[in-house]
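Below, each value reflects all heavy atoms present in this structure, side chains not excepted, and no hydrogens, waters or symmetry copies. We count ligands from 1, going down the list as the structure has it; atoms in each ligand are counted the same way. Quantities reported herein were computed from a predicted structural model and do not represent experimental measurements.
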Amino acid sequence: MNILHKTSLGLASLSAVLPACAEERKHPAEDERPNIIFIMSDDHARQAISIYGHPIGQIAPTPHIDRIGKEGAVFYNNYCCNSISGPSRAAILTGKHSHKNGFMRNGNKGFDGSQQTLPKILQANGYETAIIGKWHLISKPTGFDHWMILNDQGDYYNPEFITENDTTRHLGYVTDLITQYCEEWLTKRKNPQKPFFLMMHHKAVHRNWVPAERHYRLYEHVSFPVPDNYFDTYEGRYAAQRQKMNIYRDMYEGHDLKMVAGIGSDSLLYDPWPHAFMGTMTSEEQQRFLEAYRERNDEFYAQKRSFKEVAEWKYQRYLQDYMACVASIDESVGEILDYLQRTGLDKNTIVIYTTDQGFYLGEHGWFDKRFMYEESFGMPMLMRWPGHIKPGTKVTGLTQNIDFAPTFLDMCGIRIPQDMQGVSFRRLVEDGKTPKDWRKSLYYHYYEFPGFHSVRAHFGVKMERYKLIYFYKEKIWELYDLKEDPSEMKNLYGKEGMEKITEQLKTELARLQEVYQVPPKLCR
Ligand code: CA
């Protein structure tokens with residue numbers, strides 16, 4: 001068994017730009033290797049996790065998710081490499097950027113499951129591995145002793161699960177089912193003496209935000225703060241002017257906002273995918289759903305509203321449903337943490353909470369993700385590991401989803417393959433500080449254009465204070481000073497006084513593309 005610790009990155013080009021690997025860390029003894037539960041939801045914004053301190057999270061708190069951060073670490077500068085579902089999942093599995101793992105956009109022909117992945121390496125080193133919930137990589141999972149995945153995006157009510165043997169519809173609410181199946185797998189593991197790696201992947205909080213019945217009315221009277229830039233006019237930002245992910249212009253009124261045709265109506269307004277929404281509910285569930293929204297839907301028609309008032313009404317409906325879906329995830333996390341405590345597994349289990357990328361909760365008027373702006377580029381990340389991570393640790397160094405695989409291997413005392421592009425951030429989280437030689441920049445690349453929501457393809461570099469983005473098909477640059485303009489409203493590219501920093505960022509961007517071996521044909 002290979003439990004050698006990686007002491008250098010091996011690749012000269014990588015070590016030139018990325019941090020030299022950590023000093024030698026203590027390896028867990030064979031019988032003390034930690035278990036890992038990797039809880040990943042979908043599209044869960046940092047703004048909607050109360051420990052991050054955003055006003056939305058304060059109004060609708062997430063005490064159970066917060067517990068992971070309070071008893072462990074909160075990551076404040078964790079980012080994805082490609083802000084969309086499949087590509088982020090592929091990057092997490094491989095520790096590599098999209099162009100290296102081959103899954104650059106949703107709708108690709110399928111993740112190449114024959115390549116090296118984190119679960120395969122763990123499995124080869126004696127771990128029992130499982131994935132339960134959303135997979136979204138088209139091909140069948142590989143490297144798992146047990147897998148049970150949602151069909152495609154998965155449905156909120158009575159979803160289909162795919163296993164090695166069949167595809168079956170299961171009765172229940174998706175978050176609750178995934179929680180139940182994870183607990184059952186933990187309880188009935190084939191080899192309880194082996195350490196385990198469980199990927200618990202929720203469908204929530206993905207569009208179209210259908211809460212559990214017990215949460216339909218949870219936030220119905222709650223008014224969420226409308227972002228200052230909700231009515232952004234996108235001045236100086238070419239791609240932002242051309243997106244189609246605006247809450248008040250592009251959301252589907254029936255499908256997304258649960259709006260009906262008129263007072264007392266049971267007919268939803270525009271819903272292009274009824275088979276994946278009310279169509280999966282039983283007729284009784286459909287009725288209870290319609291009744292739960294009826295009072296509020298009737299009230300919408302009871303008074304005349306201006307365009308601005310309708311736009312703000314839609315924002316409230318979106319947030320009320322989004323946060324009600326978050327509530328089911330929060331309960332699920334509480335249940336798993338209680339389970340670990342009850343069984344004593346908590347002492348030697350690393351628990352991670354994250355999501356596949358960030359999300360817009362009305363900033364710039366948007367829902368969805370894709371852009372390299374902070375709300376979707378940023379990923380929440382909380383991590384608990386008793387005895388290794390001090391409660392209340394704050395990780396502020398730049399970390400990325402390609403780092404997850406090497407970090408987990410490092411924590412399990414398994415050699416990190418030299419071709420992984422991410423690096424272990426174990427020392428940041430264990431020491432609670434960022435070493436001087438840690439990375440100073442991050443690379444991002446979004447490919448999916450043409451595609452849903454019409455966000456132009458772009459790549460970019462983020463450094464501590466500045467961010468440079470290039471929409472390469474249109475040859476348009478954007479530059480932001482995140483200290484002065486955290487909402488990224490003022491494109492400073494080409495402005496007087498910005499010449500020097502622009503050159504520095506362009507040099508860094510070119511260097512990262514070389515280090516990560518991004519083929520030039522993917523950059524034009
Ligand atoms: Ca997602």
**Request:** Give the ring-plane orientation class for Phe371 versus His458, where under 30° counts as parallel, over 60° as perpendicular and anything between as tilted.
**Result:**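 Correct class here is tilted.
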**Request:** Could you check whether the rings of Tyr318 and Phe359 sit parallel, tilted or perpendicular, using 30° and 60° as the cut-offs?
**Result:**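 Aromatic pair Tyr318/Phe359 classed tilted.
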**Prompt:** What's the OD1-the Ca ion (ligand 1)-NE2 angle here (Asp42, Gln357), rounded to 10 degrees?
**Reply:**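 Nearest ten degrees: 120°.
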**Item:** Asp43, N/O/S atom nearest the Ca ion (ligand 1)
**Value:**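 In Asp43, the heteroatom (N, O or S) nearest the Ca ion (ligand 1) is OD1.
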**Request:** Looking only at N, O or S atoms, find the one in Asp356 nearest to the Ca ion (ligand 1) and name it.
**Result:**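 Nearest N/O/S atom of Asp356: OD2.
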**Check: Tyr466 ring centre within less than 6.0 Å of Tyr480 ring centre** =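 Not close enough - the centres of the two rings lie 6.0 Å or further apart.
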**His170: partners by ring pair (Phe, Tyr, Trp, His ring centres under 6.0 Å), with sequence neighbours left out** =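 His170 satisfies ring pair (Phe, Tyr, Trp, His ring centres under 6.0 Å) with Phe161, Tyr181 only.
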